[in-house]
Amino acid sequence: MLMCRDLAEIASDYIDGELNVQKNLSVKMHLMMCRDCRSFIGNLRASTELMKAHSSGNPDEELMRRIDERVAEALKSRNAHDSNNE
Amino acid sequence: MDTVVNPETEVSLIDELKRGDSSAFKKAVREYSPGMLAVARFYLDHSSAEEIVQDCWVTVIDAIQKFEGRSGLKTWLHRIVANRCKNKLRSSKREVATDFSENLEPELAERFNATGRWDLPPKLRFDESADTLLENGALSDCLDKHLSALPETQRSALMLYEAHQHKSEDVCNILDVSASNLRVLLHRARQKIFLMVETFQETGEC
(Lines give C-alpha, C1' and ligand atoms only; values in the text may rest on other atoms or scores of the structure.)
Protein backbone atom coordinates (compact mmCIF):
# COMPACT_ATOMS: atom_id res chain seq x y z
CA MET A 1 0.00 0.00 0.00
CA LEU A 2 1.21 3.49 -0.88
CA MET A 3 2.19 5.55 2.18
CA CYS A 4 2.36 9.35 2.46
CA ARG A 5 6.15 9.32 2.19
CA ASP A 6 6.04 7.16 -0.96
CA LEU A 7 3.58 9.60 -2.48
CA ALA A 8 5.81 12.58 -1.59
CA GLU A 9 8.68 10.84 -3.40
CA ILE A 10 6.80 10.50 -6.66
CA ALA A 11 4.70 13.67 -6.42
CA SER A 12 6.39 15.49 -9.32
CA ASP A 13 6.00 12.45 -11.57
CA TYR A 14 2.28 12.43 -10.70
CA ILE A 15 1.90 16.17 -11.40
CA ASP A 16 3.66 15.82 -14.78
CA GLY A 17 1.69 12.70 -15.76
CA GLU A 18 4.84 10.54 -15.83
CA LEU A 19 3.50 7.62 -13.73
CA ASN A 20 2.33 4.34 -15.22
CA VAL A 21 -1.37 3.50 -15.00
CA GLN A 22 -1.05 1.33 -11.90
CA LYS A 23 1.04 3.82 -9.90
CA ASN A 24 -1.20 6.67 -11.00
CA LEU A 25 -4.24 4.79 -9.72
CA SER A 26 -2.58 4.08 -6.35
CA VAL A 27 -1.82 7.80 -5.98
CA LYS A 28 -5.40 8.74 -6.82
CA MET A 29 -6.73 6.20 -4.29
CA HIS A 30 -4.39 7.51 -1.61
CA LEU A 31 -5.37 11.12 -2.34
CA MET A 32 -9.06 10.24 -1.94
CA MET A 33 -8.36 9.12 1.61
CA CYS A 34 -5.60 11.49 2.75
CA ARG A 35 -6.28 15.18 3.19
CA ASP A 36 -2.65 15.99 4.10
CA CYS A 37 -1.36 14.49 0.86
CA ARG A 38 -4.05 16.36 -1.09
CA SER A 39 -2.69 19.55 0.49
CA PHE A 40 0.87 18.54 -0.33
CA ILE A 41 0.13 17.81 -3.98
CA GLY A 42 -1.93 21.03 -4.26
CA ASN A 43 0.87 23.08 -2.72
CA LEU A 44 3.62 21.45 -4.78
CA ARG A 45 1.59 22.12 -7.92
CA ALA A 46 1.05 25.75 -6.84
CA SER A 47 4.79 26.15 -6.15
CA THR A 48 5.54 24.83 -9.64
CA GLU A 49 3.11 27.31 -11.21
CA LEU A 50 4.60 30.06 -9.09
CA MET A 51 8.09 29.24 -10.28
CA LYS A 52 6.91 29.10 -13.89
CA ALA A 53 5.20 32.51 -13.63
CA HIS A 54 8.18 34.03 -11.85
CA SER A 55 10.82 32.72 -14.25
CA SER A 56 9.25 34.30 -17.29
CA GLY A 57 10.84 37.64 -16.37
CA ASN A 58 13.19 39.81 -18.38
CA PRO A 59 16.61 38.57 -19.44
CA ASP A 60 19.83 40.08 -18.07
CA GLU A 61 20.19 43.32 -20.07
CA GLU A 62 23.93 43.65 -19.51
CA LEU A 63 24.59 40.20 -20.98
CA MET A 64 22.28 40.92 -23.93
CA ARG A 65 24.17 44.15 -24.63
CA ARG A 66 27.54 42.33 -24.61
CA ILE A 67 26.23 39.62 -26.94
CA ASP A 68 24.75 42.25 -29.30
CA GLU A 69 28.13 43.98 -29.48
CA ARG A 70 30.06 40.79 -30.20
CA VAL A 71 27.53 39.63 -32.79
CA ALA A 72 27.58 43.06 -34.51
CA GLU A 73 31.38 42.96 -34.61
CA ALA A 74 31.45 39.41 -35.98
CA LEU A 75 28.81 40.23 -38.63
CA LYS A 76 30.80 43.29 -39.67
CA SER A 77 34.03 41.35 -40.07
CA ARG A 78 32.24 38.57 -41.96
CA ASN A 79 30.66 41.10 -44.35
CA ALA A 80 34.05 42.77 -44.88
CA HIS A 81 35.60 39.35 -45.59
CA ASP A 82 32.79 38.48 -48.06
CA SER A 83 33.13 41.75 -49.97
CA ASN A 84 36.92 41.32 -50.20
CA ASN A 85 36.37 37.92 -51.78
CA GLU A 86 33.93 39.20 -54.40
CA MET B 1 9.69 35.07 -22.15
CA ASP B 2 8.21 38.27 -23.41
CA THR B 3 8.30 37.12 -27.04
CA VAL B 4 7.14 33.79 -28.29
CA VAL B 5 8.39 32.54 -31.63
CA ASN B 6 5.75 30.46 -33.39
CA PRO B 7 6.80 27.97 -36.09
CA GLU B 8 6.01 30.31 -39.03
CA THR B 9 7.82 33.25 -37.46
CA GLU B 10 10.72 30.91 -36.69
CA VAL B 11 11.10 29.96 -40.36
CA SER B 12 11.36 33.61 -41.37
CA LEU B 13 13.67 34.37 -38.46
CA ILE B 14 15.99 31.55 -39.59
CA ASP B 15 16.01 32.97 -43.14
CA GLU B 16 16.93 36.39 -41.80
CA LEU B 17 19.67 34.92 -39.62
CA LYS B 18 21.07 33.06 -42.63
CA ARG B 19 21.18 36.37 -44.51
CA GLY B 20 23.16 37.87 -41.62
CA ASP B 21 20.43 40.40 -40.74
CA SER B 22 21.61 42.22 -37.62
CA SER B 23 18.12 43.04 -36.31
CA ALA B 24 17.18 39.34 -36.61
CA PHE B 25 20.23 38.51 -34.51
CA LYS B 26 19.19 41.09 -31.90
CA LYS B 27 15.73 39.55 -31.74
CA ALA B 28 17.11 35.98 -31.50
CA VAL B 29 19.62 36.98 -28.82
CA ARG B 30 16.78 38.32 -26.66
CA GLU B 31 14.56 35.34 -27.28
CA TYR B 32 17.01 32.49 -26.86
CA SER B 33 19.88 33.66 -24.64
CA PRO B 34 18.11 33.11 -21.29
CA GLY B 35 17.57 29.42 -22.16
CA MET B 36 21.13 29.10 -23.49
CA LEU B 37 22.37 30.55 -20.22
CA ALA B 38 20.27 28.04 -18.24
CA VAL B 39 21.95 25.22 -20.19
CA ALA B 40 25.43 26.65 -19.62
CA ARG B 41 24.78 27.13 -15.91
CA PHE B 42 24.05 23.39 -15.65
CA TYR B 43 27.74 22.79 -16.35
CA LEU B 44 29.68 25.93 -15.51
CA ASP B 45 30.02 28.78 -13.05
CA HIS B 46 28.26 32.08 -13.78
CA SER B 47 31.00 33.97 -15.61
CA SER B 48 32.19 30.97 -17.69
CA ALA B 49 28.55 30.29 -18.62
CA GLU B 50 28.09 33.88 -19.84
CA GLU B 51 31.30 33.65 -21.88
CA ILE B 52 30.18 30.40 -23.50
CA VAL B 53 26.82 31.91 -24.48
CA GLN B 54 28.58 34.92 -26.07
CA ASP B 55 30.99 32.65 -27.95
CA CYS B 56 28.13 30.47 -29.15
CA TRP B 57 26.34 33.41 -30.72
CA VAL B 58 29.48 34.27 -32.70
CA THR B 59 29.67 30.62 -33.83
CA VAL B 60 25.99 30.70 -34.81
CA ILE B 61 26.65 33.43 -37.42
CA ASP B 62 28.37 30.80 -39.61
CA ALA B 63 26.78 27.63 -38.26
CA ILE B 64 23.23 28.80 -39.04
CA GLN B 65 24.01 28.30 -42.77
CA LYS B 66 24.06 24.54 -42.12
CA PHE B 67 20.97 24.50 -39.91
CA GLU B 68 18.49 22.17 -41.59
CA GLY B 69 15.59 22.56 -39.18
CA ARG B 70 15.49 18.92 -38.05
CA SER B 71 14.94 20.26 -34.54
CA GLY B 72 13.55 23.63 -33.49
CA LEU B 73 15.94 26.58 -33.44
CA LYS B 74 15.77 26.76 -29.63
CA THR B 75 16.74 23.08 -29.21
CA TRP B 76 19.54 23.46 -31.78
CA LEU B 77 20.98 26.49 -29.97
CA HIS B 78 20.71 24.76 -26.59
CA ARG B 79 22.59 21.73 -27.95
CA ILE B 80 25.38 23.92 -29.30
CA VAL B 81 25.79 25.44 -25.84
CA ALA B 82 25.68 22.04 -24.10
CA ASN B 83 28.31 20.56 -26.45
CA ARG B 84 30.61 23.51 -25.98
CA CYS B 85 30.25 23.30 -22.20
CA LYS B 86 30.96 19.56 -22.24
CA ASN B 87 34.08 20.15 -24.33
CA LYS B 88 35.24 22.80 -21.90
CA LEU B 89 34.65 20.44 -18.96
CA ARG B 90 36.48 17.64 -20.75
CA SER B 91 39.48 19.84 -21.43
CA SER B 92 39.63 20.86 -17.79
CA LYS B 93 38.88 17.24 -16.78
CA ARG B 94 36.07 18.28 -14.44
CA GLU B 95 32.79 16.45 -14.04
CA VAL B 96 29.40 17.83 -13.04
CA ALA B 97 28.86 16.53 -9.51
CA THR B 98 25.20 15.85 -8.87
CA ASP B 99 23.53 13.81 -6.18
CA PHE B 100 20.74 11.71 -7.70
CA SER B 101 20.55 9.31 -4.76
CA GLU B 102 17.62 10.79 -2.82
CA ASN B 103 14.22 11.76 -4.08
CA LEU B 104 13.18 13.68 -0.97
CA GLU B 105 14.68 16.86 0.41
CA PRO B 106 16.04 16.09 3.94
CA GLU B 107 13.84 18.85 5.44
CA LEU B 108 10.76 17.21 3.93
CA ALA B 109 11.90 13.64 4.67
CA GLU B 110 12.05 14.51 8.38
CA ARG B 111 8.35 15.31 8.36
CA PHE B 112 7.32 11.65 8.04
CA ASN B 113 7.25 9.13 10.90
CA ALA B 114 8.68 5.62 10.82
CA THR B 115 5.46 4.20 9.35
CA GLY B 116 5.68 6.62 6.40
CA ARG B 117 2.77 8.83 7.48
CA TRP B 118 2.96 12.60 7.88
CA ASP B 119 4.27 13.64 11.28
CA LEU B 120 4.27 17.28 10.31
CA PRO B 121 1.81 17.66 7.43
CA PRO B 122 1.64 20.69 5.11
CA LYS B 123 0.43 23.54 7.28
CA LEU B 124 -1.34 25.67 4.75
CA ARG B 125 -3.12 25.37 1.49
CA PHE B 126 -1.98 27.77 -1.25
CA ASP B 127 -5.36 28.60 -2.67
CA GLU B 128 -4.44 31.70 -4.63
CA SER B 129 -3.24 31.60 -8.21
CA ALA B 130 0.47 31.99 -8.95
CA ASP B 131 -0.10 35.47 -10.41
CA THR B 132 -2.02 36.60 -7.31
CA LEU B 133 0.68 35.21 -5.01
CA LEU B 134 3.36 36.98 -7.04
CA GLU B 135 1.64 40.35 -6.52
CA ASN B 136 3.31 40.15 -3.14
CA GLY B 137 6.69 41.72 -3.97
CA ALA B 138 8.33 40.23 -0.88
CA LEU B 139 7.40 36.72 -2.01
CA SER B 140 8.75 37.48 -5.46
CA ASP B 141 12.06 38.66 -3.95
CA CYS B 142 12.18 35.56 -1.75
CA LEU B 143 11.58 33.34 -4.77
CA ASP B 144 14.44 35.09 -6.58
CA LYS B 145 16.72 34.42 -3.64
CA HIS B 146 15.79 30.75 -3.41
CA LEU B 147 15.90 30.14 -7.14
CA SER B 148 19.41 31.54 -7.30
CA ALA B 149 20.40 29.42 -4.29
CA LEU B 150 19.29 26.16 -5.97
CA PRO B 151 22.11 23.89 -7.13
CA GLU B 152 22.76 24.85 -10.77
CA THR B 153 21.85 21.40 -12.06
CA GLN B 154 18.40 21.58 -10.41
CA ARG B 155 17.82 25.19 -11.44
CA SER B 156 18.81 24.56 -15.07
CA ALA B 157 16.61 21.48 -15.32
CA LEU B 158 13.70 23.43 -13.85
CA MET B 159 14.25 26.45 -16.11
CA LEU B 160 14.50 24.39 -19.30
CA TYR B 161 11.48 22.27 -18.43
CA GLU B 162 9.20 24.94 -16.92
CA ALA B 163 10.21 28.35 -18.21
CA HIS B 164 11.54 27.31 -21.64
CA GLN B 165 9.00 24.54 -22.05
CA HIS B 166 11.21 21.83 -23.47
CA LYS B 167 9.85 18.29 -23.38
CA SER B 168 11.55 15.96 -20.86
CA GLU B 169 13.18 14.08 -23.75
CA ASP B 170 14.74 17.28 -25.12
CA VAL B 171 16.04 18.36 -21.69
CA CYS B 172 17.61 14.91 -21.24
CA ASN B 173 19.32 15.17 -24.63
CA ILE B 174 20.51 18.72 -24.11
CA LEU B 175 21.86 18.19 -20.60
CA ASP B 176 22.92 14.60 -21.20
CA VAL B 177 21.08 13.19 -18.17
CA SER B 178 18.87 10.10 -17.96
CA ALA B 179 15.09 10.48 -17.72
CA SER B 180 15.12 9.25 -14.13
CA ASN B 181 17.87 11.69 -13.15
CA LEU B 182 15.94 14.55 -14.71
CA ARG B 183 12.90 13.54 -12.64
CA VAL B 184 15.04 13.70 -9.47
CA LEU B 185 16.43 17.14 -10.40
CA LEU B 186 12.95 18.55 -11.07
CA HIS B 187 11.42 17.04 -7.95
CA ARG B 188 14.21 18.21 -5.63
CA ALA B 189 13.98 21.76 -7.00
CA ARG B 190 10.19 21.85 -6.66
CA GLN B 191 10.33 20.61 -3.08
CA LYS B 192 12.76 23.40 -2.17
CA ILE B 193 10.43 25.99 -3.68
CA PHE B 194 7.46 24.38 -1.88
CA LEU B 195 9.29 24.53 1.49
CA MET B 196 10.25 28.14 0.87
CA VAL B 197 6.71 29.22 -0.02
CA GLU B 198 5.31 27.36 2.99
CA THR B 199 7.72 29.09 5.39
CA PHE B 200 7.03 32.44 3.76
CA GLN B 201 3.25 32.03 3.94
CA GLU B 202 3.42 30.93 7.56
CA THR B 203 5.99 33.31 9.00
CA GLY B 204 6.42 36.08 6.41
CA GLU B 205 10.14 35.29 6.51
CA CYS B 206 12.33 34.23 3.67
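Proteins come first, then strands; the chains are lettered A, B, ... in the order of their sequence lines, and each starts at number 1. Owing to the predicted nature of the structure, the values given are computational and were not obtained by experimental measurement.
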Show which side-chain atoms of residues 192-202 of chain B pair as donor or acceptor with protein atoms under 3.5 Å away, not counting sequence neighbours.
from, atom 1, to, atom 2, distance (Å)
B:Lys192, NZ, B:Glu105, OE2, 3.4
B:Lys192, NZ, B:Gln154, OE1, 3.0
B:Glu198, OE1, B:Arg111, NH1, 2.7
B:Glu198, OE1, B:Arg111, NH2, 3.2
B:Glu198, OE2, B:Arg111, NH2, 3.3
B:Glu198, OE2, B:Lys123, N, 3.2
B:Thr199, OG1, B:Leu195, O, 2.9

(message) Are more than 12 heavy atoms, taken from residues, nucleotides or ligands other than B:Glu102, located less than 6.0 Å from that residue's CD atom?
(response) no
(message) Around atom CZ of A:Arg35, are there more than 12 heavy atoms from other residues, nucleotides or ligands closer than 6.0 Å?
(response) no
(request) Measure the spacing between CG of A:Asp68 and NZ of B:Lys26 and express it to the nearest 0.5 Å. (result) 5.0 Å
(message) Can you tell whether the side chains of B:Arg190 and A:Asp16 come within less than 4.0 Å, N to carboxylate O?
(response) yes
(message) Let me confirm one number: the NZ-CD distance from A:Lys52 to B:Glu162, rounded to the nearest 0.5 Å.
(response) 5.0 Å
(request) Ignoring hydrogens and angles, tell me if any N or O in the side chain of B:Arg117 forms a donor-acceptor pair with the backbone of A:Met3 under 3.5 Å. (result) no
(request) Supply the atom-to-atom distance B:Glu51 CD to A:Arg66 CZ, rounded to the nearest 0.5 angstrom. (result) 9.0 Å
(message) Are there over 12 heavy-atom neighbours, none belonging to A:Met32, within less than 6.0 Å of that residue's CE?
(response) no
(request) In plain terms, say whether A:Glu61 and B:Arg30 are close enough for a salt bridge, that is, a side-chain N and a carboxylate O under 4.0 Å apart. (result) yes
(request) Locate the shortest heavy-atom distance separating A:Ser12 from B:His187; write the atom from each residue and the value. (result) OG-ND1, 2.6 Å
(request) Quick one: which of B:Phe25, B:Trp57, B:Phe112 has the most heavy-atom pairs under 4.5 Å with chain A, could you say? (result) B:Phe112
(request) Answer with side chain, backbone, both or neither: which region of A:Glu18 has an atom nearer than 4.5 Å to a non-hydrogen atom of chain B? (result) side chain
(request) Check the surroundings of atom CD in B:Gln65: do more than 12 heavy atoms from other residues, nucleotides or ligands lie under 6.0 Å from it? (result) yes
(message) Between A:Ile15, A:Ile10, A:Asp13, who has the most heavy-atom pairs with chain B when the cutoff is under 4.5 Å?
(response) A:Asp13
(request) Sort out for me which of B:Leu37, B:Leu104, B:Asp55 touches chain A most, counting heavy-atom pairs under 4.5 Å. (result) B:Leu104
(request) Output the distance between atom CH2 (B:Trp118) and atom SG (A:Cys37), rounded to the nearest 0.5 Å. (result) 6.0 Å
(message) Below 4.5 Å, heavy-atom pairs only: which of B:Leu186, B:Leu158, B:Val184 has the largest tally toward chain A?
(response) B:Leu158
(message) To check you understand the geometry: which heavy-atom pair defines the closest contact between A:Val71 and B:Ile61, and what is its length?
(response) O-CD1, 3.8 Å
(request) Tell me, for A:Leu44 versus chain B, whether the close heavy atoms (under 4.5 Å) come from the side chain, the backbone, both or neither. (result) both
(request) Work out which heavy atom in A:Asn43 is nearest to a heavy atom in B:Pro122; give both atom names and the distance. (result) ND2-CB, 4.0 Å
(message) Counting heavy-atom pairs under 4.5 Å with chain B, which one of A:Arg78, A:Arg38, A:Arg45 comes out on top?
(response) A:Arg78
(message) Within the 4.5 Å heavy-atom criterion, are A:Arg5 and B:Asn113 side-chain neighbours or not?
(response) no
(request) Can you tell which part of A:Ala8 gets under 4.5 Å to a heavy atom of chain B, answering side chain, backbone, both or neither? (result) both
(request) Determine whether more than 12 heavy atoms belonging to other residues, nucleotides or ligands lie under 6.0 Å from atom NZ of A:Lys76. (result) no
(message) I want to check something: taking the side chain as every heavy atom from C-beta on, are A:Ile67 and B:Ser33 in contact at a cut-off of under 4.5 Å?
(response) yes
(request) Under 4.5 Å heavy-atom distance to chain A, tell me which part of B:Ala109 shows up: side chain, backbone, both or neither. (result) both
